[in-house]
Amino acid sequence: MKFKSAVTLLFSAIATQLSAAPIDPQQIQFIGPIGQNIQTKPHHTGHQSAIVNTLINKLSADNASLEVFGERIKWQPLADVNALTMGGLQALKLEFSTTRFVQGKLTLAGIEKAHVFLNGQQIDGKSDYQLNAVTGDHQLLIVAEQVSDWKKVAVDFAGTAEHDQLNFTNKSTKALSAKQLFDAPTISAISVSPDANYYVATQQHYQDNKGNSALRDTVLYNEDGDIIYRLNGVSANAVNWRADSKVAVFVQNKQLKTLDVKTLKETVIAEDLDGASGFKYFNDNTLIFSWTKTAPKGDKIVKHYKGLEDRWSYARNITQVYLMDISTGLIQAVTEHELSHSLKDFDAKNNRILTTRSPKYYAAPAHYMTELVEFDLNTNSSKVLGQYGTFKDARYGNDGIYVTAGAEFGNGAGRTLDEGILANNYDTQLFWMNTQGTDIKALSKQFDPSIESFKVLNNGDLVLKAVDEDRKKLYLFDESKNKFKSLKTKMDVVDKYSVADKRSPVVIAAGTTASTPQKLVQLNVKNNRASTLWDSQPIAYKQAEIATLEEFNFTNSAGTEIKGRVYIPHGLDKNKQHPALIYYYGGTSPVSRGFTGRYPFNFWATNGYVVYVLQPSGATGFGQDFSAKHVNDWGNRAADDIIEGTDAFLDAYQFVDKKRLGNLGASYGGFMTMTLATKTDMFSASISHAGISNLTSYWGHGWWGYLYSAEASKHSYPWNNSKLYSQQSPVFNADKVKTPLLLIHGDADVNVPVGESHIMYTALKMLNQDVELIEYKGADHQIFARDRRFQWWDTMLAYFDKHLKDEPQWWQHMYGK
């Protein structure tokens, strides 16, 4: 619908409080009337907000037109509009970019009932609206509900300072945004039927009007990708299949149900089994599952600790394994013991079940013991196959049991290290042992990746997920050839996978690359070919500007190659100098190549930072020699690697400004940030999230500090290696810190207690050093909730903008001067 223009609109695109300039109406998009024959406006109803908010998603979409009550209306430049008055609703859309944090006042005149949205989020106000826009591309929507005279409509933006400018563009691409990365749909769980004719996938996403609550949809598909059934309120990883693939079992609304996939008939087997989980088919007539009995809360005044495990809130809960007859619902206990049993595997053909339990054991190392226990249902007997200081998982195989554990498993059966070098048992190896537990063979001595999980196929082969340097890949282990073969999923990081064990096994897997968002693929193991079932890129990342990724490796002064990668911002002018961020973990795990995550490298690049991610000595997935360098290091070799790597990075990337470098890490990486601050002044600003400042307090305080230290500080304790526990603790060297430091911590962190940041904060404050401390109330070791995640990401970028770009306004807006 076309109108002749009689509209005067004043909009300041590059505005300050001292001057304003009208925007070219060609830059402003107009649509309307939206429902021109509707006489009752939203504000006349009791549902004004809901009516307007329902429109916003459609108006925000990158569509040229909108169909309303069967009539097609188009977005058009405001300059083409010619009307004095019109019915229904109208909307203005303005798209602009900012190269820094921008703030100012948006003023509307002539619109009596207006609703203003920035990037889908409503801004409060009547005629004046405070506009705060971070670096990136933005969309401003103004929904006009009532306008008496369009000739008098005016919109003005007055920036707080001269640099507060809105740059209107007609870009075909868009900068990657925080909302895009967090809200985009992802596959969170998968379950494929044994014959591969069906699979269940749970897809989740977020949106503004649902806040921190994810919207989840669990769907049953056939092999052609057609939707067969929806399982509301069920996660796909809790859906398990009968061997013939005709029936699935799951829990929904506290009811244990089966679903016949042909007739789609649901049958309730049992109800209100609180604490029961992991239902699987033991055979066609029987289910096997775990059932947890929650311990009483105990005395309200005191808590008597009976062991180190009592620091865990769940320590006194008891979990046992049960069988259930499907036809009657009769339940039979399989395990009964004062210790919990964790179900590892079962063999219905031979009526046996494999479990683990953990008696109290504090001897050094690893201050923890796992017993592998087999239950024989034919004789109602059990036997302990072995007691192990390092142990991860176990599954039945042909004529034996597959086990994953550290290299020290089986009296060091998996070691490839020279005598005297302590192994890092977080570097997980694959073993085979006989059913008596007396004969153990190491299978992965010449296989560097660290094994995360595995599935045993009927023929005795394995499908494994393994940490391979900074990737998480799938492999096939050929039992007869004792060889590992990489499965070509075309993904750097496999998030989820499920295996159909047919003659030619099929894997359904979800994952990403470092530069592409999540996909769901189906892979035929025999021909090693993958096809895409679902792709989030065209759904959530159309025309998104993604950083250029480059591999960057160097050889450290000890002669070891240190792997890394560099994210270069889209469209970066390499003739200018740019700030950079250096990220690392430094602990026993590498920093994976996921497209996004808690620390979103692609997003940091969008904000104008070159990002260098490196993998210091000690990480798993690079071989036993490399991972062993983590043991008893606590910041020595790892800090050297980061410093040397940053020097090499600066030499290779001449467009990076060496005077504007930021560094950050979390948990052990937070410890590394504090440690680096005591060793070098090469960084201009540093961030430690949930970092460790005092090795002694971490060892004795956090839920798992003593367990992690069993590897990281193997055979070392405050009483026999005080030098490590004191002189390698950052707080004991706090007087050497010269770099501005931001400490971030959740005040409910049970892993690294918040006191670790308080200790360093106290020291640096007393030393009159530039230090900030931000606590997230109720947050544990990680920041998960959507609103907190956005605020947390903003906090880190605002801090770096202040120190590396000389732009303190964002930080001041969040936290004051």
Side-chain angles (χ1 to χ4, degrees), residues 184-206 213-271 273 276-289 324 326 455 463 474 489 491 494-511 518-525 530-536 538-540:
T186 57
I187 302 298
S188 60
I190 316 165
S191 176
V192 64
S193 64
D195 62 5
N197 289 337
Y198 303 94
Y199 70 92
V200 181
T202 299
Q203 184 183 129
Q204 73 173 39
H205 72 280
Y206 291 81
S213 299
L215 286 84
R216 295 185 176 89
D217 188 21
T218 299
V219 177
L220 171 65
Y221 299 89
N222 65 16
E223 60 184 335
D224 296 323
D226 301 323
I227 295 176
I228 303 300
Y229 201 67
R230 275 190 157 81
L231 296 166
N232 296 323
V234 178
S235 178
N237 57 13
V239 176
N240 286 283
W241 297 86
R242 201 166 71 186
D244 61 7
S245 300
K246 294 180 178 180
V247 181
V249 64
F250 54 92
V251 176
Q252 183 182 51
N253 298 325
K254 294 188 175 182
Q255 293 181 320
L256 178 63
K257 296 180 177 180
T258 58
L259 174 70
D260 187 308
V261 295
K262 289 294 185 183
T263 65
L264 300 181
K265 179 184 177 181
E266 291 186 3
T267 302
V268 176
I269 302 173
E271 299 187 69
L273 299 176
S277 62
F279 291 93
K280 298 178 181 178
Y281 277 93
F282 184 76
N283 55 41
D284 288 353
N285 306 307
T286 309
L287 298 176
I288 189 168
F289 65 101
M324 175 187 287
I326 295 175
K455 161 78 173 178
V463 173
L474 295 183
T489 62
M491 297 184 289
V494 173
D495 300 317
K496 315 286 181 184
Y497 73 104
S498 182
V499 181
D501 189 7
K502 51 191 292 187
R503 178 172 295 179
S504 180
V506 171
V507 178
I508 305 289
Q518 197 190 57
K519 290 182 178 181
L520 182 69
V521 303
Q522 177 174 302
L523 182 138
N524 185 303
V525 173
S531 58
T532 301
L533 300 174
W534 177 87
D535 188 351
S536 66
I539 301 170

**Student:** Answer whether the closest heavy-atom distance between the side chains of Thr186 and Gln204 falls below 4.5 Å.
**Tutor:** yes

**Student:** Do you know the tightest heavy-atom contact between Thr258 and Tyr281?
**Tutor:** CG2-OH, 3.5 Å

**Student:** Going by side chain to side chain donor-acceptor pair (under 3.5 Å), Asp217 matches just one of Gln203, His205, Arg230. Which one?
**Tutor:** Arg230

**Student:** What pair of heavy atoms forms the shortest contact from Val192 to Ala196, and how long is it?
**Tutor:** CG2-CA, 4.0 Å

**Student:** Please find the pair of heavy atoms, one from Ser235 and one from Thr218, that lie closest to each other, and give the distance.
**Tutor:** CA-OG1, 4.1 Å

**Student:** Are any non-hydrogen side-chain atoms of Ile228 and Leu264 less than 4.5 angstrom apart?
**Tutor:** yes

**Student:** Would you call Met324 and Phe282 a side-chain contact if the rule is heavy atoms closer than 4.5 Å?
**Tutor:** no

**Student:** If you look at every heavy atom in Thr489 and Leu523, which pair is closest and at what distance?
**Tutor:** N-CD1, 3.8 Å

**Student:** Kindly check if the number of other-residue, nucleotide or ligand heavy atoms within 6.0 Å of NZ (Lys257) is above 12?
**Tutor:** yes

**Student:** If you measure from CG on Asp284 to CG on Asp244, what distance do you get to the nearest 0.5 Å?
**Tutor:** 5.5 Å

**Student:** Say whether, by atom type as modelled, one donor and one acceptor occur between the side chain of Gln518 and the main chain of Ile187 under 3.5 angstrom.
**Tutor:** yes

**Student:** Can you tell if the side chain of Leu287 reaches within under 4.5 Å of the side chain of Leu256, non-hydrogen atoms only?
**Tutor:** yes

**Student:** Which pair of non-hydrogen atoms, one from Ala236 and one from Ser191, has the smallest distance, and what is that distance?
**Tutor:** O-CB, 3.2 Å

**Student:** Would a 4.5 Å heavy-atom cut-off, applied to side chains only, mark Ile326 and Asn285 as touching?
**Tutor:** no

**Student:** Please name the pair of heavy atoms, one in Ala276 and one in Phe279, separated by the smallest distance, quoted to 0.1 Å.
**Tutor:** CB-CZ, 3.6 Å

